Asker: 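The structure that follows is given in the form of C-alpha cells.
Predicted model, so just to flag it, every value in this text is computed and none were measured.
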Amino acid sequence: MSAEHESLIKTPKQLITVVVLSFVLPVLLIALLVKYVGTHKVPGAGADPMSEAAILERIKPAAGFQLGAPPAGQQAAKPRAVAAAPAAPKTGEQVYNTACMACHATGAAGAPKFGDTAAWAARNAQGYEALLNSALKGKGAMPPQGGGALSDVEVGRAVVFMANKAGASFEAPN
C-alpha cells in the first residue's frame, strides 16, 4: 500500500473527535461573532443620539411652542409706520375658532368640551363673571386669555359663545 492513500484518522476515537469538532467549532465561532457584533456600539456619522445637544434639538419644536407666538423661524410682524385703523373686536365665535377650539373641541387638559351641557352646567351656574375671571386669569392648564393676545371684551364674547352653546343665556359684552 502506498503512503499517499493513508488517512490521518487511524482510530474510531480520532474520527469521533474530528466530527464533533467540525460541528462545535463553527457554532462557537458564530456565537462569539454574534456577541461581538451585538455589543459593539458604533455612533452614527458624528452624532450621539443620546447626547444632551441631540435631545434638545429633537424636543425644540415642542419645547419652544407658545400659543399666539409666531411660528419658529418667522419674526413677529413689524409695526407699520402709518397707524392703521383699529380693528373691530372679534366675535365670540371668531375667538373660539382661533384661541379656544384647540382644547375645548377635544376636551384636552380637562377643558370642558364645546356644547357639552353636562360639563358646563356647574360652570354656568357660577355665572358670567366667574367664567370671565377664569378665562382672563387662567385656570388649571388654561393660560390667561386662552394664550392669545385678546382684549377683555373679546374674551368675554368667547366665554358667552361657549357657555350659551352649552345651555346658558348670558348677554355678550359690547
Asker: Quick one: hydrophobic cluster around Leu32, which other residues, with the 4.5 Å side-chain cut-off, linked directly or via members?
Answerer: Leu28
Asker: Could you state the interatomic distance from CD1 (Ile30) to CG (Leu25), rounded to the nearest 0.5 Å?
Answerer: 10.0 Å
Asker: In the hydrophobic clustering that connects Ile, Leu, Val, Met, Phe, Trp and Tyr at side-chain heavy-atom distances below 4.5 Å, which members other than Val24 occupy its cluster, ordered by chain and number?
Answerer: Ile16, Val20
Asker: Each residue besides Trp120 in its hydrophobic cluster should be listed here, by chain and number; the cluster joins Ile, Leu, Val, Met, Phe, Trp and Tyr at side-chain heavy-atom distances under 4.5 Å.
Answerer: Val95, Tyr96, Met101, Phe114, Tyr128, Leu131, Leu132, Leu136, Leu150, Val155, Val159, Val160, Phe161, Met162, Phe170
Asker: Measure the spacing between OG1 of Thr117 and NZ of Lys165 and express it to the nearest 0.5 Å.
Answerer: 11.5 Å
Asker: With salt bridge (Lys or Arg N to Asp or Glu O under 4.0 Å) as the rule and sequence neighbours excluded, what pairs involving residues 103-116 come up?
Answerer: none
Asker: Minimum heavy-atom separation for Pro26 to Leu21, with atom names?
Answerer: CD-O, 3.7 Å
Asker: For the residue pair Arg123 and Pro112, what are the closest heavy atoms and their distance?
Answerer: NE-CG, 3.6 Å
Asker: Excluding sequence neighbours, so at least two apart, what forms side chain to side chain contact (heavy atoms under 4.5 Å, CB included) with Pro89?
Answerer: Glu154, Arg157
Asker: Is Asn133 reaching over with its side chain to a backbone N or O of Glu129, donor-acceptor style, under 3.5 angstrom?
Answerer: no
Asker: Restricting to pairs with a member in residues 136-160, which pass ring pair (Phe, Tyr, Trp, His ring centres under 6.0 Å), not counting sequence neighbours?
Answerer: none
Asker: Is Val153 isolated, or which residues cluster with it under the ILVMFWY side-chain rule of less than 4.5 Å, directly or via members?
Answerer: none
Asker: What residue pairs, at least two apart or across chains, pass salt bridge (Lys or Arg N to Asp or Glu O under 4.0 Å) with a residue in residues 10-26?
Answerer: Glu6-Lys10
Asker: Who pairs with Ser134 by side chain to side chain contact (heavy atoms under 4.5 Å, CB included), at least two apart in sequence or on another chain?
Answerer: Lys139
Asker: Using the side chain to side chain contact (heavy atoms under 4.5 Å, CB included) criterion, which residues pair with Ala108? Sequence neighbours excluded.
Answerer: Cys103, Thr106
Asker: Between His104 (side chain) and Ala111 (backbone), is there a donor-acceptor pair under 3.5 Å?
Answerer: no
Asker: With sequence neighbours excluded, tell me which residues meet side chain to side chain contact (heavy atoms under 4.5 Å, CB included) with Val18.
Answerer: Ile9
